Protein chains: 2
Amino acid sequence: MQSEPDILSAKFAALADPTRRAILARLSQGEASVNELAEPFDMSLPAVSKHLKVLEKAGLISRGREAQWRPARLEPMALKGVADWLEHYRRYWDQSFDRLEAYLRNVQQGKDDGSRN
Amino acid sequence: MQSEPDILSAKFAALADPTRRAILARLSQGEASVNELAEPFDMSLPAVSKHLKVLEKAGLISRGREAQWRPARLEPMALKGVADWLEHYRRYWDQSFDRLEAYLRNVQQGKDDGSRN
DNA sequence: GCGTTATTTAACTGTTCGGTTATGCAGTCG
DNA sequence: CGACTGCATAACCGAACAGTTAAATAACGC
């Protein structure tokens, strides 16, 4: 049932909410029930439940079942998918870093041409 | 002008659209005008203009001004911000990272047990 | 079965999003 | 100047989003 089109968009969208990122941070320290997850937030339980559903549809978490609890746990490989997308761009910011480094070297030598900022 | 609250959310939200990711991919090969960027898409120009504004507000691109063109260029350090957030979770998916970490700990203690790899 | 706890679903609401068309505006060219 | 190019803004629209309260479901403990 994960024939979702454009799962990457779903992941990014899920991560675009601070509440959901906080939930992931909490889950990185272990499973938690909905009530536990909701506790830090000034928000109704159904709202948290909805956030969990978004995270689950994005594959970022999965849910278990223990008696009347439905613990959520992190599904880290989903985050790897995001990281893999980003990796393609790493060379661009590393390269910028290199240029900045070169610029700073020049400044230090009193060779700043003033062309930047 | 980047006093935006929750810039990370803005970045994730900007990345959550396949059109915008395609624009970034295009820009990774160099600056481009709005018309050039819009060309591959079955979409009006104002729509693309809006996407660019979203990307710009997220800091992912910046705009120049050359005569009547407003070329967009990639702002890669913004992506680094996203990568840094993700990095915190790397250990959860990357087994070899754990091994590396353990290895480095051991090296630092001069206690390398040679078990890497 | 009954009450309690944990969670989801339903229905509703205001806001944001992604697109449209129409219009405006800046800069270039003749 | 006036026409044309490149792009942005305005106004609008339907769909999706993030929240609410109220009701339903599920599993437990008596």
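Here is the naming used below: chain letters follow the sequence lines, and residue numbers restart at 1 for every chain. What you are looking at is a predicted structure, and each value in this text was computed from that prediction instead of being measured.
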* Asked: Among D:dC7, C:dG18, C:dT8, which is the nearest nucleotide to the side chain of B:H51?
  ->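 Closest nucleotide among those given: C:dG18.
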
* Give the nucleotide from the list D:dG6, D:dA8, C:dT20 with an atom nearest to the side chain of B:V34. =>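 Comparing D:dG6, D:dA8, C:dT20 against the side chain of B:V34, the answer is D:dA8.
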
* **Qualifying ring-ring contact (aromatic ring centres under 6.0 Å, His included) pairs, either residue in residues 17-69 of chain A, two or more places apart** =>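 Qualifying pairs: none.
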
* Between A:R65 and A:R70, is there a donor-acceptor pair closer than 3.5 Å when you use the side chain of the first and the backbone of the second? ->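 Not confirmed, A:R65 side chain does not pair with A:R70 backbone.
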
* Asked: Rounded to the nearest Å, what distance is computed from the CD atom of residue A:E39 to the P atom of nucleotide C:dT5?
  ->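 In whole Å, C:dT5 P and A:E39 CD are 18 Å from each other.
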
* Side chains of B:E66 and B:S33 in contact at under 4.5 Å (non-hydrogen atoms) ->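 Side-chain contact under 4.5 Å: no.
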
* Heavy-atom check, side chain of B:L45 versus side chain of B:N35, under 4.5 Å ->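 B:L45 vs B:N35: side chains touch.
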
Taking every non-hydrogen atom, the tightest pair across [X] and [Y]:
{"X": "A:A58", "Y": "A:A14", "value": "CB-CB, 3.9 Å"}
{"X": "A:E75", "Y": "A:S62", "value": "OE1-OG, 2.7 Å"}
{"X": "B:A16", "Y": "A:A13", "value": "CB-N, 3.4 Å"}

* Which nucleotides of nucleotides 21-30 of chain D have their base under 4.0 Å from a protein heavy atom (B), which only their sugar-phosphate (S), and which neither (-), written as one string 5' to 3'? -> BB---SSS--

* Structure fact -> Whether each nucleotide of nucleotides 11-16 of chain D has a protein heavy atom under 4.0 Å at its base (B), only at its sugar-phosphate (S) or at neither (-) is summarised, 5' to 3', as B-----

Solution key, residues 22-30 of chain A side-chain donor-acceptor pairs under 3.5 Å, sequence neighbours excluded:
residue: A:R26; atom: NH1; partner: A:G30; partner atom: O; Å: 3.3
residue: A:S28; atom: OG; partner: A:A25; partner atom: O; Å: 2.6

* Asked: Among all residues two or more places apart in sequence or in another chain, which pass the side-chain contact (heavy atoms from CB on, under 4.5 Å) test with B:K80?
  ->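 side-chain contact (heavy atoms from CB on, under 4.5 Å) check on B:K80 returns A:W93, B:M77, B:D84.
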
* Degree of bending, the helix from C:dG1-D:dC30 to C:dG30-D:dC1 (end axes from five pairs; round to 10°) ->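 Taking five pairs per end, the axes differ by 20°.
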
* Asked: Between B:K11 and B:D6, is there a salt bridge with N-O shorter than 4.0 Å?
  ->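 No.
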
